[in-house]
Amino acid sequence: AGRRRMNKDLQEIRYFERLCVEQAELTSLELARIGLLKVADDCRAAAEAIESRRPGHLGPIAGVMQTLKLSLGHGRASKPH
């Protein structure tokens, strides 16, 4: 069960990584692009930690996943005009 959860987390993190890179390419705001690319880098680091199965790295990943889900979900809801 733990391995399945780890694989699911890995897939979700890689998805968020790709999404952030794609959104960074589309945005015209430099600050947004920088932030999205930093999140993509964090996702890549988290995925690499899962892939290498280093002990002690799985706890913070749950928090990262929750933060990413919330920020990406709310970020689309309000667009400045």
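Atom set for the values below is all heavy atoms of this structure, side chains included, hydrogens, waters and symmetry mates excluded. Residues: numbered from 1 along the sequence shown.
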**Message:** Between D9 and R5, does any side-chain N to carboxylate O distance fall below 4.0 Å?
**Reply:** yes

**Request:** Kindly indicate whether the side chain of V21, heavy atoms from C-beta on, has any atom under 4.5 Å from the side chain of L36.
**Result:** no

**Request:** Please report the shortest heavy-atom distance between E17 and C43, naming the atom on each side.
**Result:** CB-CB, 3.7 Å

**Presence of salt bridge, R44 and E51, under 4.0 angstrom** = no

**Prompt:** What residues form a salt bridge (charged side-chain N to carboxylate O under 4.0 Å, His left out) with R18, not counting sequence neighbours?
**Reply:** none

**Prompt:** Who are the salt bridge (charged side-chain N to carboxylate O under 4.0 Å, His left out) partners of E25, not counting sequence neighbours?
**Reply:** none

**Request:** Kindly indicate, with the supporting measurements, whether the criterion side-chain contact (heavy atoms from CB on, under 4.5 Å) is fulfilled by Q11 and R14.
**Result:** CA-CA 5 Å; Q11 288 175 341; R14 288 297 187 189; 5.9 Å; no

**Request:** Could you tell me whether L31 atom CG has more than 12 heavy atoms of other residues or ligands within 6.0 Å of it?
**Result:** no

**Complete:** Between T27 and R33, the two heavy atoms sitting closest are O-NH1, 2.7 Å

